[in-house]
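Right, one structure below, let's go through it.
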Amino acid sequence: MSMSEESVLSGVVVLDAATYIAAPLSASVLAEFGAQVIKIEHPRGDPLRRFGTKGTSPDASMQWLNENRNKRSVTLDLSKPEGRDLFIDLAKRADVVVENFRPGTFERWGLDWETLHAANRRLVMLRLSAFGQNGPLREHIGLARIAHAFSGVLSISGEVDRPPANPGPTSLADYVAGVYGALGLMLALFERERSGLGQVVDLALYEPMLKTMDEAFAVFNRTGFVRQRFGSQVATVAPTANYECADGRFVTIGVPDDKMFARLSTAMSAPHLADSNSKFTTNALRVKHRDEIENIVRTWVRSHDRDTVIRLLQESDVPCAPILDVAEVASHPQVAARENFVTRPDGAGGTVTMQAPVPKLSRTPGRVVTSGPSLGEATDDVLRSLLGLSNAALADLRAKKII
């Protein structure tokens, strides 16, 4: 299987000099839609290779195989002058550079934006760091959970009477930032078609998480209200929560307006709850009497097994879903129909199943051709083909541990 010649980003060359998840994911999104992504790794390898569950090969974790699909690996020590010079030579032939080191690191290596821009005026550069390239926290280190905490997301995650809980996946901020990073790169590449000039995409890891906080900051700035943890409920609507069924499994139900509440009342064989004279007839009243209406719904759900609850609610067009675990998602017919997973060789005699590219394009869809590459598998080929290095030059660089 090979990337289609009609891929959206055919001919775009990306140097992915980043580590771990967020910024490399931005490059992976471009790779899924046809870009040639060259993964620049220190000769020791990206730490993500050893992060998470081990794969078939000791130098490629399951996370590595998943997050770095469609890429080729080139080893290069950017902290050494010869490595720096080779990177600049590669950047002259590239469209995009992606990096996520602590601000000041690329400058210390002589790979500042001014230098790279002078070498290639059309170059676009994504700089994704914990707190961005400016501000009092610019040099602070950060991970996804730091972004969850700093953005306010962690403060509203979990039950009211319990400590803050992780908002689902441990690396959620990495994935959200990775998508925003890819969006920034596409916007910069699109603008380059008009101006002929590249630019920097400066993204802090916490900033996309701010975007997930809906109206919380607008409300705070107008009223002073500080949103708190609310469990699975929603502060502004009711009834809406996660509920346990008779068989011990869970469903989630969302009732955003009065029309949906009337449907829910019908599904529960209690249409009187939505009558015009009921204390639950409007959302404002339901929020006022939240404990009572939530208890009514909770009692009804607990009297049926999960499949029955879902059937009754879906028949009445009430927004609901079973809370599926990983195994249930993986085997669900909807997921199969949408082809949401792909299986590819892992390069070491096994296979790895990964999430498929999104979104779906009707004419030039994204593709997963290979899983994450083995360390340095393309070093010689890329340096020969793009920079014209000889075998002797490659041997010298390897002896000096530049590659």
Side-chain angles (χ1 to χ4, degrees), residues 13-24 27-28 31 36-52 54-61 63-65 67-94 96-116 118-120 123 125-129 139 141 346-348 370-403:
V13 177
V14 179
L15 302 182
D16 173 8
T19 62
Y20 282 107
I21 301 173
S28 292
Q36 178 187 352
V37 178
I38 300 169
K39 181 74 181 176
I40 304 294
E41 301 184 69
H42 190 280
R44 291 190 301 268
D46 187 325
L48 188 67
R49 289 182 173 277
R50 297 171 291 279
F51 183 84
K54 292 183 179 179
T56 308
S57 168
D59 84 332
S61 67
Q63 190 112 350
W64 169 265
L65 294 169
E67 309 309 341
N68 288 284
R69 61 251 197 121
N70 293 352
K71 299 180 184 179
R72 304 192 70 189
S73 173
V74 169
T75 56
L76 195 59
D77 188 344
L78 303 182
S79 68
K80 296 180 179 178
E82 287 180 79
R84 166 198 177 272
D85 292 344
L86 287 170
F87 186 83
I88 292 174
D89 285 343
L90 288 171
K92 292 176 181 177
R93 295 157 175 81
V96 172
V97 165
V98 173
E99 70 97 3
N100 65 345
F101 291 91
R102 192 179 304 192
T105 302
F106 254 45
E107 284 75 7
R108 189 170 66 252
W109 292 342
L111 293 171
D112 51 273
W113 168 244
E114 290 73 21
T115 297
L116 294 174
N120 181 354
L123 189 69
M125 186 178 190
L126 170 62
R127 311 198 72 177
L128 203 167
S129 59
E139 295 184 8
I141 197 168
D346 66 3
T370 63
S371 60
S374 59
L375 180 60
E377 50 82 26
T379 301
D380 289 7
D381 182 43
V382 168
L383 296 184
R384 278 198 198 100
S385 61
L386 291 186
L387 303 185
L389 269 62
S390 65
N391 289 340
L394 291 169
D396 182 60
L397 289 168
R398 195 161 274 115
K400 295 176 179 177
K401 298 184 178 180
I402 305 297
I403 61 175

Original post:
Is the closest side-chain heavy-atom distance between N120 and V97 below 4.5 Å?
Top reply: no
Original post:
Looking at P373 and N68, what are the two nearest heavy atoms and their distance?
Top reply: CD-O, 3.4 Å
Original post:
Would L111 and E99 count as a side-chain contact (heavy atoms from CB on, under 4.5 Å) if you check the C-alpha gap in whole Å, the side-chain angles of each, and the deciding distance to 0.1 Å?
Top reply: CA-CA 11 Å; L111 293 171; E99 70 97 3; over 6 Å; no
Subject >> Over all atoms of both residues, closest heavy-atom pair of S73 and S374 >> reply: CB-O, 3.3 Å
Subject >> Partner of W64 under side chain to side chain contact (heavy atoms under 4.5 Å, CB included), chosen from D346, D59, L48 >> reply: L48
Original post:
Taking all atoms of both residues into account, what is the closest heavy-atom pair of L15 and A94, and its distance?
Top reply: CG-CB, 3.8 Å
Original post:
Stepwise, does the side-chain contact (heavy atoms from CB on, under 4.5 Å) test hold for L90 with V382?
Top reply: CA-CA 9 Å; L90 288 171; V382 168; 4.3 Å; yes
Original post:
Which is it for L387 and R93 under the side-chain contact (heavy atoms from CB on, under 4.5 Å) test, yes or no, and what are the steps along the way?
Top reply: CA-CA 9 Å; L387 303 185; R93 295 157 175 81; 3.6 Å; yes
Original post:
Thinking salt bridges, do D46 and R49 make one under a 4.0 Å N-O criterion?
Top reply: no
Subject >> Distance (rounded to the nearest 0.5 Å) between T105 OG1 and N100 CG >> reply: 10.0 Å
Original post:
How many angstroms lie between atom OG1 of T75 and atom NE2 of H42, to the nearest 0.5 angstrom?
Top reply: 9.5 Å
Subject >> Non-hydrogen side-chain atoms of E67 and F51 separated by less than 4.5 Å >> reply: no
Original post:
Do side-chain atoms of R84 reach the backbone of G110 as a donor and acceptor pair under 3.5 angstrom?
Top reply: yes
Subject >> Closest approach of A91 to L123 (non-hydrogen atoms, all atoms of both residues) >> reply: O-CD1, 3.9 Å
Subject >> K71 to D16 - nearest heavy-atom pair and separation >> reply: NZ-OD2, 2.6 Å
Subject >> Distance flag, aromatic centroids of W109 and F87, threshold under 6.0 Å >> reply: no
**OP:** List the steps, then state whether salt bridge (Lys or Arg N to Asp or Glu O under 4.0 Å) holds for R384 with D381.
**Re:** CA-CA 5 Å; R384 278 198 198 100; D381 182 43; 5.7 Å; no
Original post:
Taking atom CD of E41 and atom CD1 of I403, what is their separation to the nearest 0.5 Å?
Top reply: 13.5 Å
Subject >> Gap separating the CZ atom of R102 from the CD1 atom of I141, nearest 0.5 angstrom >> reply: 4.5 Å
Original post:
Which of these, N391, L394, L397, sits in a side chain to side chain contact (heavy atoms under 4.5 Å, CB included) with D380?
Top reply: L394
Original post:
What distance do R69 atom CZ and S28 atom OG have between them, rounded to the nearest 0.5 Å?
Top reply: 7.0 Å
Original post:
Given M125 and F106, is the side-chain contact (heavy atoms from CB on, under 4.5 Å) satisfied, shown in steps?
Top reply: CA-CA 12 Å; M125 186 178 190; F106 254 45; 3.6 Å; yes
Original post:
Are any non-hydrogen side-chain atoms of L76 and I402 less than 4.5 angstrom apart?
Top reply: yes
**OP:** Could you tell me whether the side chain of R398 reaches within less than 4.5 Å of the side chain of T379, counting heavy atoms only?
**Re:** yes
Original post:
Is any NZ, NE, NH1 or NH2 atom of the basic residue among R127 and E107 found under 4.0 Å from an Asp or Glu carboxylate oxygen of the other?
Top reply: yes
Subject >> Closest contact, heavy atoms only, I88 versus A119 >> reply: CG2-CB, 3.9 Å
Original post:
With sequence neighbours excluded, what pairs up with D85 under the salt bridge (Lys or Arg N to Asp or Glu O under 4.0 Å) test?
Top reply: none
Original post:
Between OG of S390 and CG of L383, what distance do you get to the nearest 0.5 Å?
Top reply: 11.0 Å
